[in-house]
Amino acid sequence: MARYSVFSLLGNALSGNRNWERVWRSPEPKPAYDVIIIGGGGHGLATAYYMARNHGITNVAVLEKGWLGGGNIGRNTTIVRSNYMLPGNAYFYEHSMKLWEGLSQDLNYNVMFSQRGVLNLAHTPSQMDAYARRGNAMRLHGIDAELLDRDQVAKYAPGIDMSAKTRFPVAGGLLQPRAGTARHDAVAWGFAYGADRQGVDLIENCEVTGFLRENGAITGVETSRGVIRAGKVGVAVAGNTSVVLQKAGLNNLPIESHVLQAFVSESLKPLIDGVVTYGAGHLYISQSDKGSLVFGGDIDGYNSYAQRGNLPIVKHVAAAAVTLFPNLARLRLLRSWGGIMDMSMDGSPIICKGPMPGLYINAGWCYGGFKATPASGWCFAHTIANDAPHEYNAAFTLERFAQGRVIDERGAGPRPELH
Amino acid sequence: MLIPCPHCGPRDVGEFTYGREAGKARPDPASASPEDWNDYVFYRDNPRGRHVEYWHHGQGCRLWLKVTRDTVSHRIEGAEVVGPWAARTGSDA
Amino acid sequence: MSGYRLPQSGLGVGQAIDRGKPLSFTFDGKRYQGFAGDTLASALLASGVDLFGRSFKYHRPRGLISAGVEEPNALVTLRSGARAEPNTRATVVELFDGLEAVSQNRWPSLGFDVMAVNGLAGPILSAGFYYKTFMGPTRKAWMFYEHFIRKAAGLGAGTTLADPDRYEEMNAFCDVLVVGAGAAGLMAALAAARSGARVILADEQAAPGGALRGDAVASDLLAELAALENVTLLPRTTVYGYYDDNTLGAVERVADHLAVPSEGQPRERHWTIRARRVVLATGAIERPIVFGDNDKPGVMLADAGRIYVQHYGVAPGEQVALFTNNDGAYRSVAALSAAGAKVTAIIDARRTIGAQAQAIAQASGAELLLGHAVTRALGGQRISGIAVAPFDPARGASDTARQIAADCLLVSGGWTPTLHLASQAGGAARWDDTLTAFLPGAPTQPWRAAGACNGALGTAAALAEGARAGTEAAESCGLAAPAVTLPKIADEPLADAPLPVWDARPPHGKGKAFVDLQHDVTASDVSLAHREGFRSVEHLKRYTTLGMATDQGKTSNVIGLALMARERQLSIPEVGTTRFRPPYTPVSLGALAGQARGGHFRPTRRTPMHDWHIANGAEMIEAGLWLRPRIYAQGSETVEQAYVREARQVRESVGMVDVSTLGKIDVQGPDAAEFLNRVYSNGFLKLPEGKARYGLMLREDGFLWDDGTTWRLSDTQFLMTTTTANAAPVLTQLEFLLAAVWPELKVAVTSVTEQWAGMAVSGPKSRAVLAAALSDIDVSNEALPFMGVRKGSLDGMPVLVARLSFSGELAYEVYCGAHHGEAVWTRLLAAGKPFGMIPYGVEALGTLRIEKGHVAGPELDGRTTAADLGLGGMVSSKKTFIGSSMLDREGLTDPRRLKLVGLVSADGGKIRAGAHLVAADDKGQPPKSLGHVTSTTYSPALEKYIALGLLEDGPQRIGEKLVATYPLKNIDVAVEVVSSHFFDPDGSRMHV
Amino acid sequence: MSDAISPLKGHAEPCTAGRGAPGVELAERALVSLVQVAAWPDTAEQVEGIVASLTGCAPPQGPSGSSGDAEGAILAIAPGRWLVESRDPRLAQRLAGQIGPDLGAVTDLSHARVAIRVSGPKATWVLAKGLALDLHPTAFPPLKVAQSAIHEVGVILRRVSPDNLGGESFDLYVYRGFALSFWDWLTEAAAETGYRVSRPGSA
Ligand SMILES: Cc1cc2nc3c(=O)[nH]c(=O)nc-3n(C[C@H](O)[C@H](O)[C@H](O)COP(=O)(O)OP(=O)(O)OC[C@H]3O[C@@H](n4cnc5c(N)ncnc54)[C@H](O)[C@@H]3O)c2cc1C
Ligand SMILES: NC(=O)c1ccc[n+]([C@@H]2O[C@H](COP(=O)([O-])OP(=O)(O)OC[C@H]3O[C@@H](n4cnc5c(N)ncnc54)[C@H](O)[C@@H]3O)[C@@H](O)[C@H]2O)c1
Ligand SMILES: Cc1cc2nc3c(=O)[nH]c(=O)nc-3n(C[C@H](O)[C@H](O)[C@H](O)COP(=O)(O)O)c2cc1C
Ligand SMILES: [Zn+2]
């Protein structure tokens with residue numbers, strides 16, 4: 001189909017917008033594919049896209065139980081950053097950042113990646129030291145980072161209560177200028193558009209209900225739309241990882257599913273430019289291009305598969321917001337929702353071959369998988385295509401827990417609800 | 001969400017902290033294998049539906065409870081006290 | 001001039017207003033008059049104002065559509081300065097004297113808005129156009145376009161000033177919560193209350209009554225309810241969210257109808273309502289019909305027209321026309337005629353209508369056009385007429401239209417039950433073909449629906465359903481509810497089945513046809529979404545933003561679904577609805593936060609000596625929720641000068657620091673020692689009475705967790721201390737182990753953190769100080785050896801003295817009852833005066849412990865093992881304990897793990913915490929990190945900058961020169977790797 | 001003891017404030033002894049008996065009951081755990097004297113908490129602003145005890161018996177270190193109905 005551009009917009013406008021084609025086809029599932037990706041979220045779609053783009057494998061299907069992009073990719077607070085400290089994570093997320101920087105052009109779909117910066121606030125000298133350690137580590141990994149003092153914070157995010165009277169006065173912060181946000185839906189649709197144009201079948205309303213197995217190897221899936229065979233099956237179902245892999249006989253994973261809520265306000269003229277995170281209050285907040293403040297906080301803190309949360313977190317997040325920005329108290333919450341997160345035992349992801357041949361696992365994203373979407377697809381495609389991990393996901397194994405080689409940015413230990 | 005503490009009665013979830021899934025017993029250090037420990041410390045059943053889990057009534061009686069809850073509807077089947085006082089408190093459904 | 005105030009003409013005209021109480025207010029700076037009881041909308045309408053705002057994308061002129069919460073158009077910025085409230089629906093603002101409001105999203109003025117040119121670019125600005133462009137020429141291009149798009153987007157402007165008002169919360173419990181105080185809700189509340197049930201009746205409007213507001217039936221029911229003490233009436237209270245276990249969130253607008261809240265009064269109050277049963281009587285919202293330029297000011301929902309007349313005594317226009325597909329809308333005609341307002345034409349899509357509607361039409365003298373539809377609104381910035389064409393249910397409207405003059409068009413496309421709460425706590429909504437509406441699905445929580453929200457649109461039906469629901473709710477709470485007699489009501493237009501008409505445009509209809517007015521989503525946008533494959537309703541919503549505006553599509557969603565169903569040739573229920581979410585209507589963040597704001601966001605913990613610290617010039621610092629003295633600066637001292645002076649004084653003479661924040665846990669019972677021996681990595685069985693021991697706790701995964709000293713007060717009683725940060729988690733863990741892992745142990749654990757004040761007296765002169773202060777404890781080396789613990793008293797105040805040293809000096813920790821903390825503290829200082837004893841803060845505390853190589857928070861970061869920190873010797877191999885079984889996994893024993901070392905500045909430069917360690921000859925860009933600096937200080941003892949760090953092959957590198965690099969500030973400092981025991985390694989100073 | 005200093009010193013001083021006629025009366029009660037007694041599952045009855053006889057109060061009724069008044073009270077706070085208040089400064093020693101490790105554990109908490117009495121017609125209204133507890137007399141009758149939290153501050157709450165002070169009257173035990181923070185919350189919450197602070201210890 002014609003590439004998108006201002007000219008295609010003009011052309012179509014003149015013909016009453018009657019000639020636009022589907023952004024992705026709606027094919028019937030074929031009996032068999034070389035590769036099946038379960039999960040039509042960001043990671044599944046990105047995997048299919050890079051599978052075709054980087055490895056020339058196009059006989060691929062993405063199976064989505066609902067509508068494309070209806071999972072966490074469609075309900076997250078869209079923060080993209082690579083401010084990681086530990087080597088196991090840093091190179092992977094920075095690779096993702098570099099992919100983000102060219103993603104709209106690469107996909108010919110505007111994912112609205114906007115590098116307005118992400119600022120993490122610190123409240124005590126020791127928190128400043130911890131951020132300095134992180135920031136210096138970032139610099140030593142070739143990632144941009146700046147340590148801000150109080151004045152620089154006030155300048156970066158006007159409206160923050162810089163007074164000494166507030167409960168947790170601001171001491172400074174760590175800023176990643178290249179970080180920012182992207183339009184969540186556009187990321188899903190852009191990867192879908194890109195994958196579809198390379199021949200990938202995107203199959204919606206197709207729930208995987210079981211796995212085909214021949215002498216120990218996974219050879220396909222049973223779905224609500226029939227049996228589909230495959231040479232290889234990759235699982236990228238985020239919060240549903242345990243449920244799906246149980247069907248493959250894996251009853252036990254280093255993952256808990258938790259609900260994380262998110263919130264948007266009524267839309268306003270520009271008030272907050274970048275993304276601000278308020279550690280003392282478990283709050284991250286930014287303003288969408290539409291003008292709504294988009295914010296979130298901590299997970300509700302109990303296992304859940306319901307895409308909704310409860311009042312304690314709602315109230316705590318609001319309290320944090322009006323404490324950090326006292327000018328927001330009269331602002332109104334427009335909508336709140338939840339998503340199911342695959343919380344891993346060290347807060348870091350898993351991208352690896354599964355325990356049986358033909359099965360590949362992509363999970364454990366916690367709060368952080370949106371920013372990972374391009375690199376996750378890139379590395380998962382590589383792992384599936386080559387039956388070996390890419391250097392950037394080499395550390396994201398299942399074995400690391402048994403080995404004691406956890407990648408624990410928070411130092412919280414095997415307490416998923418704390419990561 | 002209201003958790004029916006057998007001692008205090010139904011209380012808002014905000015008074016409690018979530019522990020972990022209660023399905024697995026801590027392995028016996030004398031006999032357990034590294035796999036047993038790995039399984040207990042890092043691995044979870046994480047079911048969609050009925051889930052037996054530990055909760056601590058930290059802002060109440062400070063008892064540890066074993067709560068049976070549905071992870072989709074969040075409906076709680078029952079809660080019982082864990083430990084030496086279990087026999088004397090019974091359970092609350 | 002269009003809308004105007006009707007003369008007082010008996011009942012049914014302006015029941016809500018008090019013509020005796022005129023109020024003055026301004027809109028866009030112009031002064032207007034209204035009456036008490038008016039809304040901002042009714043007062044402006046009465047003043048002939050028809051232009052209220054500009055739309056989001058095309059900046060089209062917009063007027064009032066509704067008289068309630070569903071209003072998509074009439075959004076204004078209410079009040080000013082710190083109290084400015086953008087995006088406020090004029091239809092729900094109760095007028096008060098001096099009210100200020102300004103219109104939004106227009107420049108330079110509401111009447112003339114430059115951005116209206118967007119309208120011309122309409123076809124280009126089609127749904128989702130931004131996904132297809134703004135991608136070049138460069139990779140950063142979007143950042144450039146975005147800058148302007150952000151400016152253009154958004155509605156009102158938020159304030160940058162802090163909100164001066166207060167917010168509160170309330171917890172309520174009841175048997176039956178009734179949401180909505182219309183006919184159904186009032187009746188339900190009464191029926192339930194008669195059983196003695198505790199009832200709460202909440203309604204979002206200024207006065208209860210719903211569609212019956214002002215009617216005698218409503219006032220009688222209300223009077224009866226008000227008299228019952230088991231009923232709580234909550235007017236101006238919106239129940240916005242339905243959460244688990246029948247917990248509902250509501251916001252009461254306590255003072256929003258006043259210019260400012262009075263003293264002590266919160267502006268809004270958040271209610272957390274925990275109800276055993278809920279009755280949802282939330283009513284229904286009228287929906288419009290789509291036709292060309294259906295967004296022109298002057299086009300209004302039919303029931304809104306009735307409300308403006310009956311409640312506020314305002315006629316919506318001088319030549320009013322009605323376009324309907326159902327009988328119910330004729331009550332608006334009746335209301336207008338009764339009030340003497342002129343209805344010129346009635347356009348009804350149906351060929352036949354009810355007898356009563358027929359009668360009303362006749363009485364009104366309006367021209368009645370059956371089997372016709374309005375195909376377009378005519379006029380400039382407001383409507384001056386309508387195009388009317390014959391309409392056939394199968395083929396739709398024809399292109400041949402005739403024009404009828406009208407300055408107001410009332411529209412009724414039927415009713416949409418208000419399902420928000422029901423859907424938040426229920427299954428998928430059921431479609432009802434007769435009502436052409438979705439009704440509540442199966443409850444997933446104990447609620448019942450009644451009245452219009454359940455499809456019972458008539459008053460009589462609503463009353464009956466309400467009575468039944470209230471009775472059932474009470475009965476299911478185990479209460480006996482006496483039967484209630486239903487009030488008699490004048491007969492009304494039967495709420496018959498509307499003719500399904502969603503889009504009345506003829507084949508070649510002109511003008512934009514809007515579905516979602518606020519977001520400018522048109523019928524052709526829906527078609528485009530379908531064409532491009534965004535066919536799932538959730539895709540339709542996200543691609544076109546239909547229903548995503550501040551009104552959440554209350555008047556538009558169902559129409560959008562109907563149009564998509566038409567495109568897909570499916571039935572509406574096959575297409576389904578999008579998901580309902582809290583809040584039902586927008587809720588202020590202040591209300592959700594309540595009192596937890598600013599300085600009270602979270603509580604503050606103060607030590608017993610807090611006031612003394614403040615009085616003596618301490619600079620306080622956060623430690624968890626605690627405040628601790630950082631330094632006691634003298635004169636113009638810098639932080640470094642202060643802590644160096646304090647630390648030096650400790651080493652030379654004596655000082656005292658407040659350690660009350662350490663976690664303290666009373667561990668008692670026959671098995672206490674055995675318990676501790678299983679909890680700590682080092683042995684505790686053989687700890688003698690009257691002795692303390694430093695202990696390490698690991699996590700189950702073998703990593704270090706916490707450390708502290710534990711004192712054996714008796715054979716069966718221990719006083720455990722933890723780090724300040726882990727006090728609560730450690731107690732919780734101990735309780736877990738005693739409950740779930742070792743229930744056989746007879747041990748009781750209790751937090752005594754708050755019971756004891758603690759102070760550490762350190763320095764060569766500390767013994768002399770204690771000797772002077774304590775009469776009944778012999779503090780000689782023999783009587784109170786290192787790690788010894790003694791009980792005694794100071795001026796009759798009981799104290800515990802333990803000879804412990806974190807500073808490496810001869811030192812003691814003195815504990816006393818917290819209420820005595822300040823008294824003991826000042827007495828010890830007095831006793832220390834001759835020796836120049838000073839108080840010191842956590843900075844000096846840090847200096848002293850770093851000089852000794854003692855680890856603390858920065859080293860115990862959750863990623864280190866005992867061996868990493870040189871504490872391997874404290875990990876017993878003779879017993880099992882928490883963490884012992886996972887200790888020797890390869891990742892924990894890997895020789896390449898970072899290990900604790902000491903660092904001294906080789907070039908006199910200041911070593912910064914958070915710096916990374918790189919090889920001196922590493923020319924890499926960037927160089928490779930070999931580890932990092934955890935804690936740093938200037939050491940008065942060594943007279944240079946020193947630090948602790950975690951370093952690859954740490955111990956093997958002792959003597960090596962490295963660089964502590966700090967790229968964030970481009971600072972490199974040459975350091976030498978040394979033992980972490982900088983000062984007095986053999987500990988001779990504390991063993992004197 | 002004269003040297004004992006309350007964390008509310010200089011804060012909970014007599015005054016009248018807020019809106020309209022005082023709806024609540026706030027007072028800090030002087031605590032002399034507050035002691036926790038914990039029994040083992042097999043010694044609960046025995047220990048309860050000892051506590052009762054030592055304090056002269058009847059054993060509390062029900063799992064969350066209490067007995068006695070400000071002169072001396074027993075509050076059941078958990079299975080086999082009681083909080084005992086008394087004017088006897090040596091209560092802890094006397095309890096410990098009779099309750100050895102074989103029977104249970106005695107922990108002195110006299111300094112760990114402050115006692116605040118909230119009474120008056122609006123007491124329930126004001127407390128309900130922070131307590132997620134049903135305080136309706138049918139659900140929370142006189143002598144009933146609850147442990148909960150207000151604004152993250154752990155509180156032990158007890159409705160005082162009416163024959164003691166009348167209807168709306170609650171005793172709160174609040175952690176010492178949080179006391180001032182809690183007091184700030186309480187006075188802010190009480191501003192709406194107006195409040196009077198009476199002299200410490202007088203209640
Ligand atoms: C509220 C919230 C806020 C967040 N904020 C951020 C943030 O600011 N920054 C950030 O980086 N990350 C954030 N995240 C995390 C991020 O959204 C996720 O980690 C990421 O989207 C997960 O990858 P995904 O997109 O592939 O998952 P999903 O979009 O959830 O995709 C998984 C898909 O699998 C499908 N599926 C499940 N089971 C089956 C089956 N049996 N058959 C077929 N299909 C199936 C699901 O329907 C779903 O569409 C947030 C998450 C949430 C919930
Ligand atoms: N004949 C018709 O076509 C027609 C159509 C619709 C309604 N009606 C009239 O509507 C009435 C039906 O009675 P009813 O009681 O079912 O509806 P109602 O509209 O009279 O009352 C519903 C009330 O609930 C309030 N409400 C809605 N959601 C709320 C929330 N979340 N929190 C707080 N308040 C909320 C509304 O503001 C309203 O006051 C009858 O009087 C009937 O005549 C007639
Ligand atoms: C970044 C972001 C911005 C959003 N902005 C809006 C908005 O302006 N209006 C709105 O109604 N919903 C908005 N939503 C929420 C969606 O409507 C929806 O609630 C969310 O995608 C979850 O889907 P669900 O509620 O259907 O489960 C936004 C969601 C995200 C992730
Ligand atoms: Zn409890």
Side-chain angles (χ1 to χ4, degrees), chain B residues 1-26 28 51-93, chain D residues 36 38-48 60-66 75-83 103-105 107 109 112-113 128-136 138-141 144-159 172-175 178 182:
Chain B
M1 207 153 80
L2 295 174
I3 296 180
C5 172
H7 178 78
C8 306
R11 293 292 187 93
D12 190 83
V13 63
E15 289 185 4
F16 300 78
T17 47
Y18 180 73
R20 53 162 291 157
E21 81 178 22
K24 293 178 183 137
R26 184 172 184 268
D28 171 3
H51 191 233
V52 185
E53 57 201 20
Y54 288 117
W55 285 85
H56 183 238
H57 197 183
Q59 292 283 31
C61 60
R62 296 201 66 86
L63 288 170
W64 274 93
L65 310 179
K66 214 183 244 194
V67 175
T68 306
R69 187 179 59 94
D70 186 301
T71 57
V72 181
S73 70
H74 295 167
R75 203 167 292 109
I76 293 174
E77 240 175 73
E80 64 195 61
V81 170
V82 178
W85 294 96
R88 301 173 132 272
T89 43
S91 73
D92 185 328
Chain D
Q36 176 190 276
W40 315 126
D42 53 3
T43 62
E45 285 72 17
Q46 192 181 348
V47 169
E48 188 177 46
Q61 297 305 305
S64 301
S66 74
L75 288 67
I77 54 173
R81 282 202 184 204
W82 301 270
L83 198 63
L103 290 181
T107 309
L109 297 175
R113 298 210 177 226
K129 294 183 182 190
L131 273 174
L133 289 176
D134 187 353
L135 296 176
H136 191 275
T138 56
F140 204 83
K144 173 141 183 179
V145 172
Q147 293 186 85
S148 185
I150 293 181
H151 185 29
E152 282 186 71
V153 180
V155 296
I156 296 175
L157 174 86
R158 171 186 190 225
R159 188 191 283 266
L172 279 64
Y173 301 85
V174 180
Y175 285 118
F178 286 102
F182 176 76

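- In terms of heavy-atom pairs under 4.5 Å with chain B, the best-connected choice from D:G80, D:A146, D:A76, D:A132 is D:G80.
- In this structure, chain D has a heavy atom under 4.5 Å from the side chain of B:E15, while its backbone stays farther away.
- Chain B forms the most heavy-atom pairs under 4.5 Å with one residue out of D:S148, D:G154, D:A149, and that residue is D:S148.
- Heavy atoms of D:I156 lying under 4.5 Å from chain B are absent altogether.
- Neither the backbone nor the side chain of B:R62 comes within contact range of chain D, judged by heavy atoms closer than 4.5 Å.
- Looking at B:L63 and D:P79, their side chains come closer than 4.5 Å, going by heavy atoms from C-beta outward.
- In this structure, D:Q147 and B:C8 have side chains that are not in contact, with every pair of non-hydrogen atoms separated by 4.5 Å or more.
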